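Here's the structure, in structure tokens; my notes come after.
Here the structure is a predicted model, which is why all the values come from computation and not from measurement.
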Amino acid sequence: QVQLVESGGGLVQPGGSLRLSCEASGFSLAYYAIGWFRQAPGKEREGVSCISSRNGDTNYADSVKGRFTISRDNAKNTVYLQMNSLKPEDTAVYYCAADFRYESSCPGYPQWKYDYWGQGTQVTVSS
């Protein structure tokens with residue numbers, strides 16, 4: 001069964017850190033670009049970061065640049081999103097998604113490009 005499972009969300013104070021994980025089962029992530037998206041209450045889902053399959057090229061939304069870092073460990077079939085200096089506006093449900101694309105560049109954030117989606121993990125930044 002093809003599945004993406006996010007974990008690592010939770011409640012954190014402003015300025016704190018969290019590391020999200022996206023683990024794949026039923027397929028190998030090695031040939032997939034991975035994107036992280038988030039959806040805040042009352043807002044549309046937006047792209048946060050992505051990483052290419054072939055060489056680990058990364059991309060970040062302006063709102064998280066310099067604070068978030070995406071990485072992948074193909075041996076563990078897992079992609080990570082390290083989130084530092086968290087702000088209340090980072091509060092959202094975070095989703096990972098996989099795009100079957102063995103290329104050097106990140107596919108960006110058109111959601112239709114992504115083949116598989118996880119169920120999401122809640123991140124709440126509040127004092």
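Across every non-hydrogen atom of Ser49 and Ile70, the tightest pair is OG-CG2, 3.2 Å. In plain terms, the two heavy atoms of Cys96 and Glu6 that are nearest each other are N-OE2, 2.8 Å. When all heavy atoms of Gln119 and Tyr95 are compared, the pair lying nearest together is O-CE2, 3.5 Å. Looking at every heavy atom in both residues, Asn84 comes nearest to Ser17 through OD1-OG, 2.9 Å. Closest non-hydrogen pair, Cys50 versus Gly108, comes out as SG-N, 3.8 Å. A pairwise comparison of heavy atoms in Leu29 and Arg72 identifies O-NH2, 2.6 Å as the closest pair.
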**Message:** Determine whether Arg19 and Gln82 satisfy the following criterion, side chain to side chain contact (heavy atoms under 4.5 Å, CB included), listing intermediate values before the conclusion.
**Reply:** CA-CA 4 Å; Arg19 188 177 80 157; Gln82 177 67 43; 3.4 Å; yes
**Request:** I would like to know whether Phe27 and Phe100 meet ring-ring contact (aromatic ring centres under 6.0 Å, His included); could you show each step before the answer?
**Result:** CA-CA 11 Å; Phe27 69 104; Phe100 183 58; 9.3 Å; no
**Request:** Evaluate side chain to side chain contact (heavy atoms under 4.5 Å, CB included) for Arg54 paired with Ser104, printing each intermediate quantity in order.
**Result:** CA-CA 5 Å; Arg54 189 167 184 175; Ser104 299; 3.5 Å; yes
**Request:** Apply side-chain hydrogen bond (donor to acceptor under 3.5 Å, both in side chains) to Glu23 and Ser25, showing your working.
**Result:** CA-CA 7 Å; Glu23 184 175 6; Ser25 61; over 6 Å; no
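Note on Tyr80: it does not cluster hydrophobically with Tyr32, by side-chain heavy-atom contacts below 4.5 Å among ILVMFWY residues. In terms of hydrophobic clustering, with Ile, Leu, Val, Met, Phe, Trp and Tyr side chains grouped at heavy-atom distances under 4.5 Å, Tyr116 and Val93 are assigned to different clusters. In the hydrophobic cluster analysis, where Ile, Leu, Val, Met, Phe, Trp and Tyr join through side-chain heavy atoms closer than 4.5 angstrom, Tyr60 is grouped apart from Tyr114. Both Val48 and Val123 are part of a single hydrophobic cluster, where members link through side-chain heavy atoms under 4.5 Å apart.
If you take SG on Cys22 and CG on Leu4, they are separated by 4.5 Å, rounding to the nearest 0.5 Å. One finds the CG atom of Asp90 at 11.0 Å from the OG1 atom of Thr124 (value rounded to the nearest 0.5 Å). Distance check: Thr121 OG1 to Leu18 CG gives 8.5 Å after rounding to the nearest 0.5 Å. Separation of atoms CG (Asp57) and CD1 (Ile51) is listed at 8.5 Å; rounding is to 0.5 Å. Distance check, rounded to the nearest 0.5 Å: CH2 of Trp36 to CG of Asn59 gives 16.0 Å. Of the inter-residue distances, the one linking Thr91 atom OG1 with Leu11 atom CG reads 8.5 Å to the nearest 0.5 angstrom.
Chaining together hydrophobic side chains whose heavy atoms lie under 4.5 Å apart leaves Val5 on its own.
With hydrogens and angles left out, the side-chain atoms of Tyr94 and Arg38 include a donor and acceptor closer than 3.5 Å.
By the 4.5 Å heavy-atom criterion applied to side chains, Thr58 and Cys106 are not counted as neighbours. With a 4.5 Å cut-off on side-chain heavy atoms, Trp117 and Gln111 count as touching. Contact of the Asp115 side chain with the Val2 side chain is not registered, since no non-hydrogen atoms from C-beta on lie closer than 4.5 Å.
Residues satisfying the side-chain contact (heavy atoms from CB on, under 4.5 Å) criterion with Lys43, sequence neighbours excluded, are Ala40.
Environment of CD in Glu89: crowded, with over 12 heavy atoms of neighbouring residues, nucleotides or ligands closer than 6.0 Å.
A salt bridge links Asp62 with Lys65: the distance from a Lys NZ or Arg NE/NH1/NH2 to an Asp or Glu carboxylate oxygen falls below 4.0 Å.
In this structure, Arg101 contributes its side chain and Ala33 its backbone to no donor-acceptor pair below 3.5 Å.
The aromatic rings of Tyr109 and Phe37 stand perpendicular to each other, their planes meeting at an angle above 60°, with 30° marking the opposite boundary.
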